[in-house]
Each structure stands twice: as C-alpha cells, then as structure tokens.
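Worth knowing before you read on, the calculation uses all heavy atoms, side chains too, and leaves out hydrogens, waters and symmetry mates. Since the structure is predicted, the reported quantities are computational estimates derived from the model, not experimental observations. Lettering follows sequence order; numbering is per chain, from 1.
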Amino acid sequence: MKLFDLSGRKTLEAASPVPFAEWKDSQQGTAISLPQDVEVEELRPYLSSLTLIVLEFPVFRDGRAFTQARSLREYEGYKGEIRASGHLLPDQAIHLRRCGFDSVALSEDANVKDWEEQLGRYQFYYQNTAVSPV
Amino acid sequence: MTQPASRSVGHYQYEERDRAFLQERINEFEGQVRRRLSGELSEEEFKPLRLMNGVYLQLHAYMLRVAIPYGVLDSRQLHKLADVAAKYDRNYGHFTTRQNIQFNWIALKDVPTILRELAEVDMHAIQTSGNCIRNVTSDEFAGAAKDELMDPRIHAEIVRQWSTLHPEFTFLPRKFKIAISGSPEDRVAARFHDIGLLARPSENGPLFRLFVGGGLGRTPVVGQELFDSVKEEDLIATLEAVLRVYNAFGRRDNLYKARIKILVQTIGLEAFRKAVEEELARMDRAAYRLTPEHVAQIRARFALPDLKAPADASDVLEQHKKADPAFARWVASNTHPHQDEGHICAVISLKTPGDIPGDVTSEQMHGLADLAERHSFGEVRVTHLQNLVFGHVRKDQLHELWQGLKALGLAAPNVGLISDIVSCPGLDYCNLANARSLPLAQKLGARFGDAALQAEIGALSIHMSGCINACGHHHVGNIGLLGVDKRGAETYQILLGGDAGENAAIGGILGPSFAEDEAVDAVARIVEFYLGQRQKGETFSAMLKRCGLKAFKEVAYETV
Amino acid sequence: MKRLSRPGEGEILLLTASRLLDGRIVWLGEGEHWRESIAEATRFTYEDAGAALERALAEAEQKEVVAVYEVVAKDTQPPEPVTTREAIRAHGPSVHPDFSYDHAPVREKESAL
Ligand code: HEM
Ligand code: SF4
C-alpha cells in the first residue's frame, strides 16, 4: 500500500486502523476504519481520542463516504486525518479532497501521476463546501 | 440597463472562468478516454465516467446527450448543433423531454473533439447522465408567459452551477433530477421529479414550494410537498440537506429501488422531513446561504429582450388570421400568450404527423437558428414535450415566421393536440427497450394527422415508451402506450387518464397488451368513444372519471 | 457465467459485440476477427458456442470490443436473428431505411416472415 496525500497534510498517520466495531470494546490505539453504513454520529464520544479515520469504498460508485467525511468535518468538528480506502479512481481525487479527506490508500502499482494530475485540474469550483469555500 | 445587442437573451452568459472550467472538464474526459483505450480503466470503471459526460453505448453506436440547461439555446448554439449533426452524426439530432439533444451515431473517439466544438458556444454534456444531479429543467415559457409569477431561470442557473461537479453528490445511489417552474400551471411536471420547485415572488423575496420523491419509471410516484415556502437564502442549504439524506440512506443494493422516491416512500414523508430538518439544524448555514449579491451577479449575466412592437401589432395579426385560415389554425394551437401585449410565444411542433417525434435535421436546425435570429432575439427553447419555442415574437411578424417554418417543414398545427406525440427512441435505438416506439408513434401521428379532425378532438396527449423506464412518460399521457415483450413479440399496453400538470395523475392500465396495429385501432376506438360521449367542454380525463375505465376498456377490446 | 441461449430447430448461435472506438455493431467471423456484416458471422452450435464466447470475452480488451454475447439466429443465408432486437442490430433502425446496414429494411423482412 502507498499513501497519497490529498490535502497537503504531509505527516500522514502510520498507525494501522482497527475496525470501529472492535476498537469500541478495547479502545486501543487512535486509528479506526469505518464501514459506509455507520453514521458518523456514533463516533462522537470518541473523536478526541482518534487521529485517523479510514472510510471505506467497497466500490468507487458507492459515494456514501463523501457524506460521512463531510459530516465528520462539518458537524462533528473532527480535526484528525480522514483517509479513503478501497476501490477508488483518480477521477475522484478532487471530490475526496473537497469533502474533507486528507489521504487515500493506493495499491502499490497505482498510477500516482493520474492522481496528481487530477488534483491540480480545476482552478475554481462552483459550490461551497465547508472544507473548501469557493 | 440596456444590454449590447449582440448578447443573446434567455440564458446565462458565460464568463472566462466558466469557459476555462469547460476546457478542464474536456481535458479530464479526454484523459479518461485515453486511459480506457490503454486498458488502465476497465469498461466497468469507464462506464460511469462516460455517462457523467453524457456518453451512452446504444444499440448501434454511442449516443451523446448534450445539455440545454433550463431548455434555452441561442442561435449560435443551434447552428453549432447543426454542424455537429452534419459532421459527426447522420445529419440530425433528437430533442428529448428533459431539455437535452441526443446524437445517436457518435464514435467514442470523436467525443472529445465534439465537446471542444460545443464548448466554443458554451455548451457541454456535463451530468446529462449517470448517478448524479442531472441537467436542471425549466418552463419553456419562462420570462415570457403571461401567467408567470416569476422567471425561474436565474435560480435554475444557480442550481445548475451548484450541482456542477458537486464533490459530495456525484456518486449518488441513482440519478437525480431537478425541475423548476415559476408558473402556477406547473409546466415542468414538478411533481414527477426527484425535486420539483415551484417559485413565486413575495414581499420578502422569492419563495419555493419544494416537492420531493416524484418520478416515473418502474414505480411511478407523484412527488409530495416537503416544504411549502423555502426562502431564497435557504435554497442551496435545503437542496444540500435533501441530497445528504438521500446520499446517506438511499438504497444501493437494488437498482430499481435506488431513487429518492423509494426512500421517501419507505420511511414516510414525515420521517424524511425530520431528517432533512436535522441536517439543516446542524449545517453551517452561513456557508450555504444564497446571498442577494450572488443572485444579483447571476441575474446580471442574463440579457433581457428589448420588447418593442408597433401599437397595431395585435390588429395586424388578426388581419393575417382572417386572410389565411391555415395560419389561423396554427395560431390557435401553436401559440401562447406573452406578458407583452405586442408579443406572443410561438411553439414549433417537432411532430409533423408521420415523422419521428423530436427529430430535427441539420438543415432544419440552421433554418430555425436563422428564424430565431430574425424573430425571437436569437433565442430558442426546448420543451419537455419535445417541441421548440420562440419566446418573444412580434405579433405583426408572426405570419412571416410561420411562412419561414412552413418552408422548413416545421409548421404542423398540432401542439397540445393528439398528434403531438411524445415518444422515446424505443427498440430502434435503445439498448433497454422491449419494443419499438417510433413506428407506433408514426402510425398514430398519421392516423390522426388531419388538421380538422385534430382540432375537433381538441387537447389530448399521447405518450409512448418502449419499456418500463418510461422515458416517453407514458404514465402521464391522457393516453399512454408502453412497449412490453410478450414471449419475444413486441406488444403494447394502453394506459388511460395520466396527467403531468397541476392535476398530476398516473394513468391506469386498461388490460392485456395489443400488437402494434391493434394498438393503433384500439386508440382510434377510444378516441371515437370520447368524441361520441363527451359532454360540452369535457376533457378526456374528466370523461374518463365520469364514465370509468371499464367503459373505455369495453370499447378498446371490442373487436379484438 | 450466465447460461447460453439455446437455439431451436434450424437455428444457430452467432457472437456479437460493440466496437469500443465507435460503438459499431460487429459479429465474430473467420479467424476470430470482428466483422461489420452479419453475413460474415461464424455459425456456432450450442456445444461450440460456450468456449468461443469465453475466448472472445477474454480477448475483448485486446480486440477493442465491449458487450460481447451470443445471438440466436436462423441458419439461413445470411443468418437471420430470431428476435426483433437483434434483427434491428443486424440491419439498422427500422424507421430509417436509409441507415440500413444491408439495404434490406427490417420491417419488410419481418412482414415477409
Ligand atoms: C436512448 C437512450 C436512453 C436510455 C438508455 C435511457 C435510459 C433510461 C433509464 C434506464 C431510465 C430509468 C431510470 C430510473 O427510473 O431510475 C430513464 C428514465 C428517463 N428517461 Fe431515458 N433513456 C434514453 C433516452 C431518453 C430519451 C430520448 C428521453 C426523452 C424523450 C428520456 C427521458 C427520460 C426521462 C424523463 C426519464 C425519467 C423518468 C422518471 O422520472 O423516472 N430518455 N431513461
Ligand atoms: S423508455 Fe425504455 S426503451 Fe424508451 S428510451 Fe427509455 S429505456 Fe429506452
């Protein structure tokens, strides 16, 4: 796996994430992964002790994690790292960043150039997001 | 403030940043095509990406669907569409019910080049397909109709911009369609959209009645009123909130249950409203506020027509009508009252009986663009019934326009009448079809083509879809036809009593399906029955209510 | 994998696809080349078609075609698809005789059946 930096956070969290359901019992470590069908409100009591939340994309077409990420940033005020993991396309780089993702976990053979190119593509956007106002 | 004459009226005028944005979008798509060809993208990965840019793989070739935001084109754009049709397609285009134009014979390798040509006139194919927020549609008489409460196009443009490459709502469970009208007549079928907005002015600025969860397709549902009066400043916040609830909770396990209508049905309108209100309560409202300054900025980029007509324009029109009965008949069916006494809206039927509904040749497009330049401030609109509208025609020049239309073969006097048939492409072009719809539409058009007969029948709509996806809106036709596959044979179900407007209703299925020619005969008997039994001024739907579906059923199946 | 359609008496199977670059309908012909005309399509029995289809699917990327599948056709000269959908794919849209792939519009063919 290699990490691609979306937000310019630079020091990306190296800790291995633990599935949230498991982590809840032990509360060991500060990195979790979250499936798409969990509402992020459930994380509220624990957010201050987390430094990395990995949101999963079972398939790139399933866009629920975009709303999860935005809710974490906008509603819950989470300041730690949000990472995308799973089946993703470089064509989604901007969407990820603008919804509050910091990084994406790519496979070793992924073409980083495509991701970089996509990230630099648009000079302006038509809508506000709380993460990236126009 | 007067606008320079060269500015076309009716739609948002692009600025440099909008043009730069389009170029980037095309570069992006070009890269995607390249990655597909190099094998970096699989077909499964490429498909949603091409769809988001309006490219379908159809029965015979690729289809490119080009957006006509809120249905307004200028003459320069129409000339360009004509050029694209001639150069990259087979010399024609097909106008759809969602204010798009489709080219049916496109090669994938040409698409980036076509998109660059379209961008020269500020056109694009962004979000004309795929599971994202689609091209926003609006009222074809916007800014012109006498009955209008407010011009919906400014807000339609605001919604268009807001939805363009929205980072959160580009990978939704399913497509999402928004329509907006400023008329009490609801000329956009607001109740049959994922979100339908009816705008009205008030002392404190515009208000929006918001319907949610309407749609046709496999499960036709009439949208329900979510909010009665959304304030202008809350418009974007409210759309965000609805979309967030949908994106988080809409079903993704079953294609046929993924539209927002199913979510609203499943959890109920009250629970859905509560969820939306919770989103609104948590949202940083300042970040999503639609400010008066922003609205003013967008409004400033719309040029208005300088309406000047001679004082006797109406009299001249009356004289022309008296002198020419054929013209008078066309005026009776193909015009709509304008806000300005000296002007009128002209509807150009793309349903010449016997021809393919919605198809326009390249030569016709060029001709129409020239006529629009001369008679309607260079502005052409596309209707949700697959016709075109010239919004602001001087009454004293209407006759001249009509002659020009006749020369183009586009003067059929049948708007709103029985041969003004809405039809999807059906099995002749569509990958998903059960049956052909165009030949049936042609036969029905020819059967009722006689102008006097049509005038006698009066307002009556026929809508035709080649499968349950309902692209021809068969559920909302007074008479609806649906292609079904009966053990390999193409057959047609008849539905009666649909209505798309203020009295929104979904047609009831009459009974077992008919073969093509039987269906034509059955429709003819139904119409004959209506003519024979109707009371004075009674509409088809009203008579259907009075007599019941059963009476019509007996007539329809009489000799079969 | 989905089960193959079974041809009836006097019927055979053909393989078809759409060309990636231009979307044009093609038929698998001699030498496993994709051809534009149904007249050049190789005829398969139900028994042979499975393996041929699998091979065609495996080579689809390399041969730049998509949506590869089998079509049931009458074993005539040229073969004639049994469904209207495939007849329209083979001959062109029935509403535009001038776009016909073989100058024999589908509608006339049909009424002759
Ligand atoms: C030829 C290619 C076309 C294809 C493959 C296609 C496909 C589809 C599909 C799959 C749906 C149903 C989606 C759903 O309900 O979730 C749909 C709906 C629809 N289509 Fe098409 N369509 C095509 C052409 C057209 C044309 C030509 C028109 C306009 C005349 C059109 C207008 C619509 C409309 C208005 C709906 C929405 C019905 C609703 O509200 O649910 N489509 N289309
Ligand atoms: S209604 Fe069916 S047949 Fe007609 S265009 Fe839509 S998907 Fe195709």
Side-chain angles (χ1 to χ4, degrees), chain A residues 6 36-41 44 57-77 84 87-101 109-111 113-134, chain B residues 16-18 20-21 23-25 27-29 31-32 34-35 38 40-41 44-49 52 130-132 158-173 236-237 239-240 243-250 252-253 278-279 281-284 286-290 294:
Chain A
L6 293 163
Q36 298 219 358
D37 55 2
V38 178
E39 286 185 62
V40 299
E41 278 162 55
R44 194 173 294 157
F57 286 78
V59 53
F60 74 101
R61 291 187 306 275
D62 187 339
R64 282 176 290 179
F66 292 111
T67 289
Q68 286 178 313
R70 263 177 78 163
S71 306
L72 278 170
R73 293 288 187 226
E74 286 186 51
Y75 299 162
E76 309 300 337
H87 183 193
L88 284 146
L89 301 182
D91 314 85
Q92 295 173 302
I94 298 164
H95 304 83
L96 291 168
R97 187 182 66 195
R98 299 190 68 222
C99 286
F101 284 89
D109 59 349
N111 187 345
K113 234 182 89 246
D114 288 342
W115 283 84
E116 280 164 357
E117 190 183 1
Q118 192 60 19
L119 209 49
R121 188 170 303 282
Y122 291 95
Q123 306 309 309
F124 94 103
Y125 306 107
Y126 279 108
Q127 59 291 101
N128 265 335
T129 73
V131 202
S132 67
V134 258
Chain B
E16 267 328 297
R17 63 170 206 175
D18 300 308
F21 187 89
Q23 289 305 326
E24 282 300 344
R25 183 68 186 91
N27 295 342
E28 183 178 15
F29 185 71
Q32 288 165 346
R34 200 171 49 235
R35 281 158 58 219
S38 75
E40 204 176 319
L41 284 173
E44 189 225 339
E45 291 172 329
F46 180 60
K47 186 175 166 189
L49 299 179
M52 265 172 228
N131 295 336
C132 48
I158 289 168
V159 172
R160 181 191 77 82
Q161 295 194 4
W162 161 77
S163 65
T164 298
L165 263 60
H166 194 295
E168 189 177 350
F169 308 132
T170 298
F171 298 90
L172 294 169
I236 297 301
L239 295 177
E240 287 269 345
L243 265 298
R244 279 185 193 184
V245 173
Y246 173 52
N247 192 39
F249 301 111
R252 292 178 189 262
D253 58 333
E278 276 170 17
E279 289 287 339
R282 288 193 290 180
M283 200 179 278
D284 174 4
Y288 296 102
R289 200 166 89 89
L290 178 55
H294 184 73

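- Looking at Asn247(B), the atoms closer than 4.5 Å to chain A (heavy atoms on both sides) sit in the backbone and in the side chain alike.
- Interface summary for chain B: among Gln68(A), Gln123(A), His87(A), the most heavy-atom pairs under 4.5 angstrom belong to His87(A).
- The contact between Thr164(B) and chain A is made by backbone and side chain atoms together, counting heavy-atom distances below 4.5 Å.
- With a threshold of 4.5 angstrom between heavy atoms, Leu165(B) approaches chain A through its backbone and through its side chain.
- Glu44(B) and Phe60(A) get closest at one heavy-atom pair: O-CZ, 4.0 Å.
- The OH atom of Tyr122(A) sits 11.0 Å away from atom CD of Gln23(B), with the distance rounded to the nearest 0.5 Å.
- In this structure the side chain of Glu39(A) reaches within 4.5 angstrom of the side chain of Phe249(B), judged on heavy atoms.
- In this structure, CZ in Arg64(A) is found 14.5 Å from CZ in Phe171(B), a value given to the nearest 0.5 Å.
- Partners of His166(B) according to the ring pair (Phe, Tyr, Trp, His ring centres under 6.0 Å) rule, which considers only residues two or more places apart in sequence or in another chain, are Trp162(B), Phe169(B).
- Of all non-hydrogen atoms in Pro90(A) and Arg35(B), the two that sit nearest each other are CG-NH2, 3.4 Å.
- Looking at Glu279(B), both its backbone and its side chain come within 4.5 Å of chain A, counting heavy atoms on both sides.
- Atom OG1 of Thr67(A) and atom CZ of Arg244(B) lie 7.0 Å apart (nearest 0.5 Å).
- Nearest heavy-atom pair across Arg252(B) and Arg61(A) is NH1-O, 3.6 Å.
- In this structure, chain B has a heavy atom under 4.5 Å from the side chain of Gln118(A), while its backbone stays farther away.
- Note on Val59(A), Leu96(A), Asp114(A), Asn111(A): by heavy-atom pairs under 4.5 Å with chain B, the leading option is Asp114(A).
- The structure places CG of Asp284(B) at 9.0 Å from CG of Asn128(A), a figure rounded to the nearest 0.5 Å.
- Between atom CD1 of residue Ile158(B) and atom CD of residue Gln127(A) there is a gap of 13.5 Å, rounded to the nearest 0.5 Å.
- Residues satisfying the salt bridge (charged side-chain N to carboxylate O under 4.0 Å, His left out) criterion with Arg17(B), sequence neighbours excluded, are absent altogether.
- Proximity to chain A is limited to the side chain of Leu41(B), based on heavy atoms less than 4.5 angstrom apart.
- Proximity to chain B (any heavy atom under 4.5 Å) is shown, for Asp37(A), by neither the backbone nor the side chain.
- The distance from atom CD1 of Ile94(A) to atom CD of Glu28(B), rounded to the nearest 0.5 Å, is 6.0 Å.
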